[in-house]
Amino acid sequence: MKFLQRTLAAVLLSVTVFSFGSPLAAQTVTDTGAEARGDFVLEPGKIEVFVNPGETVTKSISVISRIARKTQFEVSVEDFIGTQDPDSPVLLLEDDSSPYSFRKNFAPAVDRFSLDLGQRIQIPVTITVPQDARPGGYYSSVIVAGLPPEGTLSGEAGTTKIVSRLGVLFFVRVNGPVSEEGKLEDFRAKGPGAGVIQGGPITFEILFRNKGNVHLVPYGMIKVKNLFGREVGSVPVDAYFSLPDSLRYRQVEWKKEALFGRYTASLSLNTGYGDVVEEKQVSFWVIPWKYVAGIAAVIFILVSGFYLFGRKFELKRK
């Protein structure tokens, strides 16, 4: 009877404890039937958390392996910051800490696990907020790295160590008085061709600066009018994040190709706080040179033809 009880206890323990000995908080690995693509999927891309000082919250992330072999994964936490480079909105800091660091307050349920092809695991991530945490935004990322086979880790001759890394961005906001300030720095339009745009689609670029100490989520609408003031199109600017003390470009595409003439685009952007709305306009010309050149060539041929025909007709009359 005691042997049976010990055996049952061991079976129950093996369900809740992974092979590396880390607790999985009663999570189980499931089979998704995913096909092999040589990579893995980490979801979601970002998580927003609003908390009070002294609170503890738990969020979950999931990993699906699409690698055609049993693969080991490592879990770590890194800080990330915004940058002054509008083309690189996020910079991971590896072992360094940021002014908005919160990585020491993150506790993923596991730090290492393995999955076969098509398997999926849910990983709880516990966030503990210190009692004396100041109000504002904190930004850390849970990184999942897919490790290469054991033979490539030692760095022996003829092998290459390749580690695939994906991260879930955590936007933690501790409730209380914060500094919210953003500014629409620039709004421009571009399309095929250098200088004058030669046709659609048109790409609108929005440059936004966050001057506060919390991330903002701007959104808005672009309306386009033709030379005669008639509205010919509109493009929504979906909500996106802008980190503190950073610049970020947002590109929005107007998927219209049959364009000719002068257009004016008006942007109305909600800055993401206090219903503050900023507006900018940009005017641009669309001249499809290929078509214009073709029409000009046809006109030239017709005019030349009429001219030559007229000269011959006059000679005959004489």
Side-chain angles (χ1 to χ4, degrees), residues 16-30 37-49 51 55-67 69-83 88-117 119-130 133 137-155 159-174 215 241 243-244 246:
T16 58
V17 176
F18 207 69
S19 60
F20 290 97
S22 300
L24 281 181
Q27 298 296 312
T28 57
V29 175
T30 58
R37 296 187 180 181
D39 60 9
F40 65 96
V41 179
L42 176 62
E43 296 176 325
K46 74 180 182 72
I47 295 177
E48 289 190 85
V49 182
V51 291
E55 285 187 346
T56 297
V57 297
T58 299
K59 300 293 182 178
S60 290
I61 64 175
S62 72
V63 181
I64 301 175
S65 177
R66 301 192 298 191
I67 304 171
R69 58 175 170 81
K70 192 176 189 66
T71 305
Q72 293 186 18
F73 295 88
E74 284 186 346
V75 183
S76 60
V77 181
E78 295 181 18
D79 290 334
F80 67 93
I81 58 173
T83 72
S88 300
V90 171
L91 176 64
L92 289 169
L93 299 183
E94 297 183 352
D95 295 330
D96 295 332
S97 296
S98 77
Y100 312 97
S101 177
F102 222 57
R103 59 180 181 148
K104 294 182 180 179
N105 305 100
F106 277 67
V110 294
D111 56 14
R112 178 172 284 213
F113 60 93
S114 65
L115 293 176
D116 286 318
L117 170 63
Q119 288 188 324
R120 171 180 179 172
I121 185 174
Q122 293 275 355
I123 303 175
V125 179
T126 301
I127 306 170
T128 302
V129 184
Y138 299 88
Y139 307 99
S140 296
S141 177
V142 175
I143 306 294
V144 176
L147 304 180
E150 290 292 338
T152 62
L153 289 176
S154 58
T159 63
T160 302
K161 180 179 178 180
I162 300 176
V163 178
S164 301
R165 285 161 41 95
L166 296 177
V168 177
L169 303 180
F170 279 80
F171 296 73
V172 180
R173 177 161 172 173
V174 177
H215 72 279
F241 70 84
L243 293 171
S246 68

Chemist: Under the 3.5 angstrom rule, does the side chain of S141 hit a backbone N or O of I143 as a donor-acceptor pair?
Modeler: no
Chemist: Output all residues satisfying side chain to side chain donor-acceptor pair (under 3.5 Å) with T30, sequence neighbours left out; order by chain, then residue number.
Modeler: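 Per chain and number, T30 pairs via side chain to side chain donor-acceptor pair (under 3.5 Å) with no residue.
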Chemist: Run the side chain to side chain contact (heavy atoms under 4.5 Å, CB included) test on L166 and F73 for me, step by step, so that the C-alpha distance in whole Å, both residues' side-chain angles and the decisive distance to 0.1 Å come before the verdict.
Modeler: CA-CA 11 Å; L166 296 177; F73 295 88; over 6 Å; no
Chemist: List for me each residue that meets side chain to side chain donor-acceptor pair (under 3.5 Å) alongside D79, sequence neighbours excluded, and say none if there are none.
Modeler: S101, S140
Chemist: Any donor and acceptor pair, going by atom type alone, linking the side chain of N105 with main-chain N or O of I127 inside 3.5 Å?
Modeler: no
Chemist: Applying side chain to side chain contact (heavy atoms under 4.5 Å, CB included) to K59 and V168, what does each step give before you reach the verdict?
Modeler: CA-CA 11 Å; K59 300 293 182 178; V168 177; over 6 Å; no
Chemist: Minimum heavy-atom separation for P124 and S60, please, with both atom names.
Modeler: CA-OG, 4.0 Å
Chemist: Applying the side chain to side chain contact (heavy atoms under 4.5 Å, CB included) test to S98, which of L93, L243, L91 qualifies?
Modeler: L93
Chemist: Look at the side chain of T83 and the backbone N and O of S88, then say whether any donor-acceptor pair between them is shorter than 3.5 Å.
Modeler: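 Answer holds: yes.
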Chemist: Are I47 and I61 close enough that some pair of their side-chain heavy atoms sits under 4.5 Å apart?
Modeler: yes
Chemist: Ring centres under 6.0 Å, that's the criterion: do Y139 and F102 meet it?
Modeler: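 Aromatic pair excluded; centres sit 6.0 Å or further apart.
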Chemist: So which heavy atom on V142 is nearest to which on V125, and how close?
Modeler: CG2-CG1, 4.1 Å
Chemist: For V110 versus V75, what's the shortest heavy-atom pair and its separation?
Modeler: O-CB, 3.5 Å
Chemist: Could you check whether any side-chain heavy atom of E48 comes within less than 4.5 Å of a side-chain heavy atom of R173, counting everything from C-beta outward?
Modeler: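 Of all side-chain heavy-atom pairs linking R173 with E48, none is under 4.5 Å.
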Chemist: Taking atom NZ as the centre, does K104 end up with more than 12 heavy-atom neighbours from other residues, nucleotides or ligands that are less than 6.0 angstrom away?
Modeler: no
Chemist: For residues R165 and E78, report the shortest heavy-atom separation together with the two atoms involved.
Modeler: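 Heavy atoms of R165 and E78 come nearest at NH2-OE2, 2.9 Å.
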Chemist: For F171 and F80, what are the C-alpha separation, side-chain angles and deciding distance, and is it a ring-ring contact (aromatic ring centres under 6.0 Å, His included)?
Modeler: CA-CA 10 Å; F171 296 73; F80 67 93; 5.7 Å; yes
Chemist: I'd like to check the side chain to side chain donor-acceptor pair (under 3.5 Å) partners of T71; sequence neighbours left out, ordered by chain and number.
Modeler: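 Residues passing side chain to side chain donor-acceptor pair (under 3.5 Å) with T71: R69.
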Chemist: Looking at every non-hydrogen atom in both residues, tell me the closest pair between S65 and L115 and how far apart they are.
Modeler: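 Nearest heavy atoms, S65 then L115: CB-CB, 3.9 Å.
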